[in-house]
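So that we are looking at the same thing, I have put the structure below in structure tokens.
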Amino acid sequence: METGTVVRAARYHATGIPADVLQVDEITLPPPAPGQVRVRMLAAPINPADLNMLEGKYGESRPLPDVPGNEGVGRVLATGDGVPSDWLGQQVLVDSEAWREQGNWDVSGLVRVPDTIAPRDAAFLRVNPPTAWRLLHDFVPLQPGDWIVQNLAGSSVGRAVIEIARRRGWKTLNVVRRPEAAEELRALGADAVLVDGPSLAEEFGAVLGGVKPKLALNAVGGAAATRLAGLLATGGTMVTYGAMSKEALKIPNGFLIFRDISFRGFWLTRWLRGAGEEVRKEMFDGIFTLAEEGLFRPPVTAEFPLGQVSKAVAAASEGARGKILLHLGD
Ligand SMILES: NC(=O)c1ccc[n+]([C@@H]2O[C@H](COP(=O)([O-])OP(=O)(O)OC[C@H]3O[C@@H](n4cnc5c(N)ncnc54)[C@H](OP(=O)(O)O)[C@@H]3O)[C@@H](O)[C@H]2O)c1
């Protein structure tokens, strides 16, 4: 009879303050079931959604104890029955339970990523670039030269929006909360960067003249979202995909009545569950091609081994400027 493999995994047995509820447990993995593969994990970032999940404030909860990590990269070590042998040795992206040394995943949920992309770059490709990709392609038809406006522009999603838009010939006006972020975003290809505040509309007018964007991307919420929607053209669309301020949207009646602004939402998890294999593959192929050219590399401020996962989430919760990366393998 085959015995299980003992591996270490970060787990939370209750929700609460992320650094307090996380611990490193030893768990026994059975051999991969039919349709599954065993993956040795290499690296995973800590994203805002991971912290929300640990706090019990995410859009859906998971049975406890749970291994966190909405994305990460690893390599296939073994295959279960019915899995084609060409999966063996593949570098893959996982979409759940990433913060562990090894795990078994259904192949249907994995994305193969080319070896030309190093693990520390691949670790960031499963969530944020696809979100940016969908935000730019699924809501408003854009022509070359059209402007898009976004807040949270210094985030990984915001940076990916800038990089993809630049490749497509769309212009981005980027709203940030820290003036220091401007130079970095211009280097990525941002056409304009403004610091959020009461004079945003005035400064926007000075940059764009009479031009008004058709698409706004909001991940802050509260008054910042109201200011962003105020910049849109009549009939424009604001898509909310995050709420970093944790403040509710406040929409003036006139935005709907007189200006016909549409307010939409986006959640990648829902999109991936509904998307066909072909459209998912087309998106990831596009993202990997750009990643091979050096795109989608958010600044990494600190790196921690799995054994220091509590320290790592504490650093991420404190709002470290840039990403925290977990090293999970050898
Ligand atoms: N809907 C979806 O499917 C989906 C998918 C992916 C991500 N998201 C969401 O997208 C957002 C960005 O995620 P990410 O991984 O790209 O983030 P990230 O790279 O970790 O960056 C976080 C950003 O948030 C900014 N920030 C933090 N608190 C803020 C506040 N109160 N007001 C304004 N800015 C604030 C930081 O600004 P500084 O640089 O000034 O510190 C930083 O730029 C998150 O809300 C995440 O949950 C949603």
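Computed from heavy atoms alone, side chains included, the values below leave out hydrogens, waters and symmetry copies. Residues: numbered from 1 along the sequence shown. Counting convention: from 1, in listed order, for ligands and their atoms alike.
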- Check whether NZ of the Lys or CZ of the Arg R100 lies under 6.0 Å from the centre of the six-membered ring of W105 and within 45 degrees of that ring's axis.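 So R100 does make the cation-pi contact.
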
- Query: What protein heavy atom is closest to atom 5 (C) of ligand 1, reported as residue, atom name and distance in Å?
  - Reply: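 Minimum-distance protein heavy atom for atom 5 (C) of ligand 1 reads T131 OG1, 3.1 Å.
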
- Query: What residue and heavy atom of the protein are closest to atom 22 (C) of ligand 1, and at what distance?
  - Reply: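 Result for atom 22 (C) of ligand 1: S155 CB, 4.0 Å.
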
- Message: So that I can tick it off, tell me whether R167 and E293 are bridged by a salt bridge, with the cut-off set at under 4.0 angstrom between side-chain N and carboxylate O.
- Response: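 Result for this pair is yes, salt bridge flagged.
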
- Query: Does ligand 1 have a heavy atom under 4.0 Å from the side chain of L152, from its backbone, from both, or from neither?
  - Reply: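 Answer for L152: side chain.
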
- Task: Answer yes or no: is there an ion pair linking K171 with D146, defined by an N-O contact shorter than 4.0 Å?
- Result: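 No, no charged N to carboxylate O under 4.0 Å.
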
- Task: Determine the interplanar angle of the F139 and F266 rings, folded into 0 to 90°, and report it as parallel if under 30°, tilted if 30 to 60°, perpendicular if over 60°.
- Result: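 Judged by the thresholds at 30° and 60°, the geometry between F139 and F266 is perpendicular.
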
- Is there a donor-acceptor contact under 3.5 Å linking the side chains of H13 and D25?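 Side-chain D/A pair, H13 to D25: present.
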
- Please say whether P48 places an N or O atom under 3.5 Å from an N or O atom belonging to ligand 1.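 Min N/O separation from ligand 1 is not below 3.5 Å for P48.
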
- Message: Give me the residue, atom name and distance of the protein heavy atom closest to atom 3 (O) of ligand 1.
- Response: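 Scanning the protein heavy atoms, the shortest distance from atom 3 (O) of ligand 1 goes to L268 N, 2.6 Å.
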
- Query: Which option out of E247, K323, R134 puts a heavy atom nearest to atom 20 (O) of ligand 1?
  - Reply: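 When every heavy atom of E247, K323, R134 is considered, K323 comes closest to atom 20 (O) of ligand 1.
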
- For T269 and Y58, run side-chain contact (heavy atoms from CB on, under 4.5 Å): C-alpha distance rounded to whole Å, both residues' side-chain angles, the deciding distance at 0.1 Å, then the answer. CA-CA 12 Å; T269 305; Y58 196 61; 4.1 Å; yes

- Query: Between M41 and G72, which heavy-atom pair has the shortest distance, and what is it?
  - Reply: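 The pair with the smallest heavy-atom distance is CE-C, 3.7 Å.
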
- Message: Heavy-atom contact check, 4.0 Å cutoff: does P298 meet ligand 1?
- Response: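 For ligand 1, residue contact (heavy atoms, under 4.0 Å) with P298 is absent.
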
- Going by distance only, is there an N or O of T269 that falls short of 3.5 Å from an N or O of ligand 1?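 Such a contact does not occur with ligand 1.
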
- Can you tell me the protein heavy atom closest to atom 48 (C) of ligand 1 and the distance?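 Sorting protein heavy atoms by distance from atom 48 (C) of ligand 1 puts Y241 O, 3.0 Å first.
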
- Query: So which heavy atom in the protein is nearest atom 44 (C) of ligand 1, and how far is it from that ligand atom?
  - Reply: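 Heavy-atom neighbour on the protein nearest atom 44 (C) of ligand 1: M244 SD, 3.7 Å.
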
- Query: Is there a side-chain contact between M283 and R134 (heavy atoms, below 4.5 Å)?
  - Reply: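 Side chain of M283 against side chain of R134, heavy atoms only: contact under 4.5 Å found.
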
- Hey, is ligand 1 close enough to V157 that some N/O pair sits below 3.5 Å?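 Yes, since at least one N or O of V157 sits under 3.5 Å from an N or O of ligand 1.
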
- Donor-acceptor side-chain pairing of N218 and Y241 below 3.5 angstrom: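 Looking only at side-chain atoms, Y241 and N218 do not form any donor-acceptor pair under 3.5 Å.
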
- Task: Under 4.0 Å from a heavy atom of G154: give me the atoms of ligand 1 that qualify, with their elements.
- Result: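 Taking each heavy atom of G154 in turn, ligand 1 has 43 (O) under 4.0 Å.
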
- Do the non-hydrogen side-chain atoms of S96 and R62 ever get within less than 4.5 Å of each other?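 Heavy-atom side-chain distance check passes, below 4.5 Å.
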
- Task: Answer yes or no: does an N/O atom from N128 fall short of 3.5 Å to an N/O atom of ligand 1?
- Result: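 N128 vs ligand 1: N/O contact under 3.5 Å present.
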
- Message: Counting only nitrogen or oxygen atoms and a 3.5 angstrom limit, does F266 reach ligand 1?
- Response: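 Looking only at distances, the answer is yes, because the N/O contact criterion of under 3.5 Å is met.
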
- Taking atom 30 (C) of ligand 1 as the reference point, the nearest protein heavy atom with its distance: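 Ranked first by proximity to atom 30 (C) of ligand 1 is R177 NH1, 3.4 Å.
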
- Message: Do R38 and W87 form a cation-pi contact, if we require the NZ or CZ to be under 6.0 Å from the six-membered ring centre and within 45 degrees of the ring's axis?
- Response: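 No, R38 does not lie over the aromatic ring of W87.
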
- Subset of ligand 1 atoms that lie under 4.0 Å from at least one heavy atom of G242: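 Near G242, the atoms of ligand 1 are 45 (O).
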
- Query: Considering R159, E71, R178, which one's heavy-atom position lies nearest to atom 39 (O) of ligand 1?
  - Reply: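 The residue whose heavy atom sits nearest atom 39 (O) of ligand 1 is R178.
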
